[in-house]
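The figures that follow rest on heavy atoms only: side chains count, while hydrogens, waters and symmetry mates do not. Numbering starts at 1 and runs along the sequence shown. Not measured: the values here are computed from a predicted model.
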Amino acid sequence: MKKILGTIGLMTLGLSAMAQYPTIGKIHRYDAALDALIDTTAKIEIVAKGFTWSEGPVWVKKEGYLLFTDVPENTIHKWTEAKGLEVFLKPSGYTGTGVYSEEPGANGLIINLKGNLVSCEHGDRRIAEMPLKRPDQKKTLAHLFEGKQLNSPNDLVQKKSGDYYFTDPPYGLPGRGKPEPAKELDYQGVYRINTKGEISLQIKNLGRPNGLAFNPDESILYVGTSERPTLINAYPVDKAGNLGEGNLFFDASELAKQGIRGGYDGMKVDAKGNVWTTGPGGVLIINSSGKLLGRIATGNGNSNVAFGGADGKYLFITSDMNLLRVKIK
């Protein structure tokens with residue numbers, strides 16, 4: 001009953017462009033440079049609610065709508081200002097029968113260079129691509145590495161060259177990989193899929209690689225981890241598209257001294273190179289030198305972010321049971 005009522009309430013939030021959305025949270029300023037990016041008085045709006053665990057937001061610019069996932073519910077949702085919430089695709093990440101795991105659905109989403117939707121699918125343990133208007137034409141881009149099934153692809157990015165990079169922690173496996181009868185790989189990797197469809201392991205020494213994003217000129221790939229040690233590393237990208245040795249970019253040690261702890265999940269990088277990442281205490285805004293500028297505190301666990309909106313001036317946040325947005329500059 002709680003889930004049904006939550007869905008009904010969620011649908012009514014977006015019926016009108018004049019809707020007054022409830023608000024939540026607070027924006028903290030740590031450096032004056034934050035003022036060029038967001039006002040500390042900006043409202044953090046709850047535009048939809050009632051989810052089990054929202055994730056993977058992506059703004060479809062050409063059509064003017066947001067897609068995001070509810071991983072435990074095996075569903076991709078569509079949200080617009082005019083209509084609110086609609087189911088876009090179900091099942092989204094597990095097409096088998098019966099109960100697979102606690103998080104069987106799709107997780108991270110992107111719109112690729114061809115304008116298709118690419119999804120990280122937990123239950124089917126793959127990266128898949130589909131035309132937005134023809135999900136029945138979904139095809140697998142990656143499922144196996146060296147003859148073994150992937151764990152549960154979590155998040156991905158695409159380089160301007162066409163190459164994809166994705167993380168593969170075990171969160172979508174039965175028991176989250178513990179015990180591990182379903183786990184075939186003995187590490188949690190970061191992989192690259194080149195334009196020929198060849199898969200290569202780029203990183204294997206991270207416990208729970210999660211969110212990732214390129215800096216503006218794609219010379220650096222940031223990768224965050226969601227379990228200890230929680231940190232964001234910066235990996236140089238060579239001309240062939242392979243990653244070099246990573247260096248620590250940000251570890252939130254100063255926040256930890258204040259009792260603000262947590263791991264990193266999804267992230268995006270803006271045109272100026274600032275990293276907007278879910279992490280300890282909300283969404284952290286970090287400049288390209290690794291300096292913390294501000295924090296969007298939502299009061300809940302946060303999974304991912306996306307830039308979007310009609311004028312491109314909103315940050316959407318998937319935050320536990322909520323879908324949030326906040327006006328940015």
query: Run the side-chain contact (heavy atoms from CB on, under 4.5 Å) check on Tyr30 and Glu254 step by step: do they pass?
result: CA-CA 11 Å; Tyr30 298 114; Glu254 291 304 311; over 6 Å; no
- prompt: Does one side chain, of Gln158 or Asn112, offer a donor that lies under 3.5 Å from an acceptor on the other?
  reply: no
message: Contact between Leu173 and Arg125 at the side-chain level, heavy atoms closer than 4.5 Å - yes or no?
response: yes
- request: May I ask whether Val60 and Val118 are part of the same hydrophobic cluster, defined by side-chain heavy atoms of I, L, V, M, F, W, Y residues being less than 4.5 angstrom apart, directly or through others?
  value: no
task: Check for a donor-acceptor pair, side chain of Asn151 on one end and backbone N or O of Tyr187 on the other, with a separation under 3.5 Å.
output: yes
message: Applying the side chain to side chain contact (heavy atoms under 4.5 Å, CB included) criterion to Val326, which one of Thr23, Val283, Ile44, Ile24 satisfies it?
response: Ile44
- request: Treat each ILVMFWY residue as a node, draw an edge where side-chain heavy atoms are under 4.5 Å apart, and state whether Tyr314 and Leu284 are in one component.
  value: no
- line: Contacts of Ser54 meeting side chain to side chain contact (heavy atoms under 4.5 Å, CB included) (sequence neighbours excluded), chain-then-number -> Phe51, Phe68, Thr318
message: Can you confirm whether Asn302 sits close enough to Ile296 that some side-chain heavy atom of one is under 4.5 Å from a side-chain heavy atom of the other?
response: no
- prompt: Quick one: CD1 on Ile232 to CG on Asn210, what's the gap to the nearest 0.5 Å?
  reply: 10.5 Å
statement: Sequence neighbours excluded, the answer for ring pair (Phe, Tyr, Trp, His ring centres under 6.0 Å) partners of Trp59 is Phe316
Check: Gly266 main-chain N/O paired with Thr278 side-chain donor or acceptor under 3.5 Å: yes
message: With a 6.0 Å cut-off (strictly less than), is the heavy-atom count around CD of Glu245, excluding the residue itself, greater than 12?
response: no
query: Do the side chains of Lys272 and Leu37 get nearer than 4.5 Å, heavy atoms only?
result: no
- request: Report yes if the side chains of Tyr171 and Asn107 come closer than 4.5 Å at any heavy-atom pair, otherwise no.
  value: no
message: Is it true that, when you exclude Lys90 itself, more than 12 heavy atoms of the residues, nucleotides or ligands shown sit nearer than 6.0 Å to its NZ?
response: yes
Same cluster (ILVMFWY, side-chain, under 4.5 Å), Val223 and Ile110: no
task: Please examine the side chains of Phe88 and Leu117, heavy atoms only from C-beta on, and report whether any two atoms are closer than 4.5 Å.
output: yes
message: Are Glu129 and Lys114 packed together at the side-chain level, in the sense that at least one heavy-atom pair is separated by less than 4.5 angstrom?
response: yes
- prompt: Lys327 and Asp39: salt bridge (charged side-chain N to carboxylate O under 4.0 Å, His left out), yes or no, with the steps?
  reply: CA-CA 8 Å; Lys327 191 78 171 177; Asp39 286 325; over 6 Å; no
query: With a 3.5 Å cut-off and no angle check, do the side chains of Asn304 and Asp265 form a donor-acceptor pair?
result: no
query: Should Phe307 and Val269 be regarded as members of a common hydrophobic cluster, given that ILVMFWY residues are connected when their side-chain heavy atoms come within less than 4.5 Å of each other, either directly or indirectly?
result: no
task: Give me the ring orientation class for Phe249 and Tyr222: parallel if the planes are under 30° apart, tilted from 30 to 60°, perpendicular past 60°.
output: tilted
field: Donor-acceptor under 3.5 Å (Asp251 side chain, Leu231 main chain)
entry: no
message: Can you list everything that forms a side chain to side chain contact (heavy atoms under 4.5 Å, CB included) with Ala128? Sequence neighbours excluded, please.
response: Ser119, Glu121, Arg126, Lys138
message: Among residues at least two apart in sequence or on other chains, which ones pass ring pair (Phe, Tyr, Trp, His ring centres under 6.0 Å) with Tyr100?
response: Tyr94
- prompt: Can you find a heavy atom in the side chain of Thr298 that is under 4.5 Å from one in the side chain of Asn322?
  reply: no
- request: Please confirm whether the backbone N or O of Pro174 pairs with a side-chain atom of Ser101, one donor and one acceptor, at under 3.5 Å?
  value: no
- request: Using the test ring pair (Phe, Tyr, Trp, His ring centres under 6.0 Å), find all partners of Tyr65 that sit at least two apart in sequence or belong to another chain.
  value: none
side-chain hydrogen bond (donor to acceptor under 3.5 Å, both in side chains), paired with Gln188, selected from Lys204, Lys183, Glu227: Lys183
Ser92 side chain to Gly105 backbone, donor-acceptor under 3.5 Å: no
query: So, are Glu63 and Lys78 salt-bridged, with charged N and O less than 4.0 Å apart?
result: no
- prompt: Just by modelled atom types, is the Pro169 backbone N or O under 3.5 Å from a matching donor or acceptor in the Ser152 side chain?
  reply: yes
- prompt: Under 3.5 Å, side chain of Arg295 to main-chain N/O of Gly281, donor-acceptor pair present?
  reply: yes
task: Answer yes or no: is there a donor N or O on one side and an acceptor on the other, between the side chain of Asp70 and the main chain of Trp53, under 3.5 Å?
output: yes
field: Contacts of type ring pair (Phe, Tyr, Trp, His ring centres under 6.0 Å), residue Tyr235, not counting sequence neighbours
entry: none
- prompt: Does Val71 offer a backbone N or O that forms a donor-acceptor pair with the side chain of Glu55 under 3.5 Å?
  reply: no
query: Looking only at atom types and distance, does a side-chain atom of Thr277 sit under 3.5 Å from a main-chain N or O of Val275, one as donor and one as acceptor?
result: no
Residue pair Asn154 / His122, side-chain heavy-atom distance below 4.5 Å: yes
